[in-house]
2 protein chains.
Amino acid sequence: MKHLLQTIKIEVNNKTYVKDPESSDLGKRIVEHSILMIHELGFDSFTFKKLGDKIGSNESSIYRYFENKHKLLLYLTSWYWGWLEYQFVFATNSISNPAEKLQKAIEVISKPVVLDASFSHINEVLLNDIIINEYSKSYLTKEVDNENKEGYFEIYKRMVMRMKEMITEVSPEYPFAASLASTVLEGTLHQYFLVQHFPSLTDCGDEVTPTEYFTDLVFKSIDK
Amino acid sequence: MKHLLQTIKIEVNNKTYVKDPESSDLGKRIVEHSILMIHELGFDSFTFKKLGDKIGSNESSIYRYFENKHKLLLYLTSWYWGWLEYQFVFATNSISNPAEKLQKAIEVISKPVVLDASFSHINEVLLNDIIINEYSKSYLTKEVDNENKEGYFEIYKRMVMRMKEMITEVSPEYPFAASLASTVLEGTLHQYFLVQHFPSLTDCGDEVTPTEYFTDLVFKSIDK
DNA sequence: TAAGATATGAAAGTAATACTATTATTTTTG
DNA sequence: CAAAAATAATAGTATTACTTTCATATCTTA
């Protein structure tokens, strides 16, 4: 399994980058340290200049990999969803019972992220935290419709569709499968955000996990 | 009722502004046109300079009302939630049956917004669209914990708590009332966003309303 | 191994942003 | 009508988000 994973490359829409960061050492350092810096400073205060200083490289060199920091965010978020989709498919693929499969899917999406040694330059735990705190910014823009047409959100959409199909598999008559699927994906991020910053607005925390909450929510919704 | 409403002022945390925009003509024009401009350009492209040009006033005059555009966003969003809270309390207050009350609450939160003539310089429909497309940006910042302490999100939090209490009223044993309440508030905005930009990820649209979806979600979740 | 191609770095420049400060002018009000 | 308050005009600063140009290092392949 380890060897299998080591040969895997997460495929990200190539419009997110000018030059594939996986293709060079500098590229990988850009990705590695952008995750550390965005996590540390927040996306808004993060700049290519600061990143260049940190990795001892020039601002203009970073621009040879990514057009701007928005595209870098699209790259990082797409990579994240691609990585999670892999876990998702891997974990659910062999399960034939639809309800069990759905249960597993909810689990994969909502459980806390742990480090994956397969991608040494990417810290998935910090990246997950970036997704929780910054993902919305990738689509809450005036360019969202164009960027959607260009396929920048494909992987995320595919995840929602996979989830939706699993719901429909368990309960074909449930009329809100797409909405419920998107609620689970988006809601998971939101509940983790609330745990961090508005604990009074969530039951999740030390005793209750997002997985328990969403498992309950989904199965109660679709059980007749 | 009209006269009653006309005398009402939505109370917004006074730290959001330097000088109360309700206290002068210029202040009201700033608010009025900031809503139009943020709706038109998106929050990211909106600047005080552009707003000044539009209302034939000077950039520096706008700074006498709001420290920066982030604070203006906090003002607008607080105003919106204050306004919605008013509708919420007004509509549910007289209902004694807890389930009916909860149903009404979900309705108020999730139904499409219509213009309210009581506040002539504020277009609630456009403001609602700003909330759908920009609200997350008001809290997805590195300053969120400080700003939370200073009370900038009080009204929103109060709305979630009101919702939570209504859920608990109907079903005291349901263990995820806070999470479900925050899911309804946040999820409503997200479903409307999906209708606009990612229709394949939602069932809401011409035939299904967010109200139907969330009513189903909430009552199925809390019914034993 | 030399020549050419490619990648990276250094430096400088530009337009816009997000303010701040100062001073002038207009408006309000007592 | 005078003083105070509000607003406007102008200019200035530091930072951002790039772009451009040119130099240098490194890699590659004939």
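Throughout, protein chains are lettered first and strands after them, A, B, ... in sequence-line order, and every chain is numbered starting at 1. Atoms considered below: every heavy atom in the structure, side chains included; atoms not considered: hydrogens, waters and symmetry mates. Quick caveat: nothing in here was measured; it's all calculated off a predicted structure.
- Residues B:Met161 and A:Leu201 have side chains in contact (heavy-atom distance under 4.5 Å, counting atoms from C-beta outward).
- Once you apply a 4.0 Å limit to the heavy atoms of chain B, the touched nucleotides of DNA chain D run 5' to 3' over D:dA6 to D:dT10.
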- Query: Passes salt bridge (Lys or Arg N to Asp or Glu O under 4.0 Å), B:Glu85 versus B:Arg162? Steps please.
  - Reply: CA-CA 9 Å; B:Glu85 185 186 35; B:Arg162 284 182 193 278; 2.9 Å; yes
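- Note on A:Asp20 versus A:Lys9: salt bridge recorded, some NZ/NE/NH1/NH2 to OD/OE distance being below 4.0 Å.
- Using a 4.0 Å cut-off between a side-chain N of Lys or Arg and a carboxylate O of Asp or Glu, B:Lys157 and B:Glu154 qualify as a salt bridge.
- Identified under the ring pair (Phe, Tyr, Trp, His ring centres under 6.0 Å) test for residues 129-156 of chain A, with sequence neighbours left out: A:Trp81-A:Tyr135, A:Trp81-A:Tyr156, A:Tyr135-A:Tyr139, A:Tyr135-A:Tyr156, A:Tyr139-B:Phe193, A:Phe153-B:Phe198.
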- Determine, for nucleotides 7-20 of chain C in 5'-to-3' order, which nucleotides have protein heavy atoms under 4.0 Å from the base (write B), from only the sugar-phosphate (write S), or from neither (write -). SBBB------SSBB
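- A side-chain donor from one of A:Tyr213 and B:Thr183 sits under 3.5 Å from a side-chain acceptor of the other.
- The pair B:Lys71-B:Glu67 counts as a salt bridge, with a side-chain nitrogen and a carboxylate oxygen less than 4.0 angstrom apart.
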